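First the structure, in the form of structure tokens, and then the observations on it.
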Amino acid sequence: MGSTTPAMKHTIDDILMPLAITVIIDAKVRDPEKQAFAEQARGLLDLFGYTDIEADGIKEWYKAHEADLSEKLKGKRRNTTVLRALSRFEKDIYVENLYEAMIAISVSDKEYVAEESELMKSAAAIWGFRKPPIKVDNSA
């Protein structure tokens, strides 16, 4: 997975990486977030023209990338990892849908923490959006 056809500018890795970062960034991966990842990924893959990837393929992609991505998000190059994942997209239709998918994943576990807020702020700044009107839960 991760290859691209000549008609498609973005690879599967490009599309799924921001979503996976959203799941992993708070270091508390929960089933609701993984379920939201799968649901949002399916819709985005369709939008980008990858209509032949089944739910099992999406889950396998996540499993294959989770450990490496978790390690990168704990390291010194965390911001670089996030910036690279987000800066691959320019077209409004793509960034709007990615942003909405990331927000849906970040609130799917009914907890919105500082790490998720920082990620959403970064995405908003890179993509030219206002910060989402979501409050950080400091009680966790």
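What you see is a predicted model, and the numbers here were worked out from it, not measured in a lab.
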- Pick from Gln40, Glu39, Gln35: which one makes a side-chain contact (heavy atoms from CB on, under 4.5 Å) with Ile105? Gln40
- To the nearest 0.5 Å, atom CD1 of Ile58 lies from atom OH of Tyr50 at 13.0 Å
- Message: How close do Ala20 and Trp61 get, counting heavy atoms only, and between which atoms?
- Response: CB-CZ3, 3.7 Å
- Item | Note, Asp26 side chain near Glu33 side chain (heavy atom, < 4.5 Å) | yes
- Query: Are His65 and Asp13 close enough that some pair of their side-chain heavy atoms sits under 4.5 Å apart?
  - Reply: yes
- Message: Taking salt bridge (charged side-chain N to carboxylate O under 4.0 Å, His left out) as the cut-off, I'd like each qualifying pair that reaches into residues 84-100, sequence neighbours left out, listed once.
- Response: Asp14-Arg88
- Atom CD1 of Ile21 and atom CG of Leu73: how far apart are they, to the nearest 0.5 Å? 5.5 Å
- Roughly how far, to the nearest 0.5 Å, is OH of Tyr94 from NZ of Lys9? 9.0 Å
- Rounded to the nearest 0.5 Å, the CD1 atom of Ile24 sits from the CG atom of Leu69 at a distance of 4.0 Å
- Message: Using ring centroids (six-membered ring only for Trp), state whether Tyr99 and Phe89 fall under 6.0 Å.
- Response: no
- Kindly give the heavy-atom pair with the smallest separation between Glu116 and Ser106, and that separation in Å. OE2-O, 3.3 Å
- Item | Pairs flagged by salt bridge (charged side-chain N to carboxylate O under 4.0 Å, His left out) wherever residues 68-81 is involved - sequence neighbours left out | Asp68-Lys72
- Item | Non-neighbouring partners of Tyr62 that pass side-chain hydrogen bond (donor to acceptor under 3.5 Å, both in side chains), sequence neighbours left out | Glu66
- How close do Ser87 and Ile126 get, heavy atom to heavy atom, and via which atoms? CA-CG2, 4.4 Å
- Note on the structure: Separation between NZ (Lys34) and OG (Ser108), nearest 0.5 Å, reads 11.5 Å
- Message: Quick one, Met17 with Thr81, criterion side-chain contact (heavy atoms from CB on, under 4.5 Å). Give me CA distance, side-chain angles, the key distance, then yes/no.
- Response: CA-CA 10 Å; Met17 196 64 64; Thr81 300; 5.9 Å; no
- Message: What I'd like to find out is whether the side chain of Leu16 reaches to under 4.5 Å of the side chain of Ile12, using heavy atoms alone.
- Response: yes
- Message: For a 4.5 angstrom cut-off between non-hydrogen side-chain atoms, does Leu86 reach Leu98?
- Response: no
- Item | Shortest non-hydrogen contact between Ala85 and Pro18, atoms and distance | O-CG, 3.6 Å
- Note on the structure: Correct closest heavy-atom pair for Leu19 and Ile15 would be CG-O, 4.0 Å
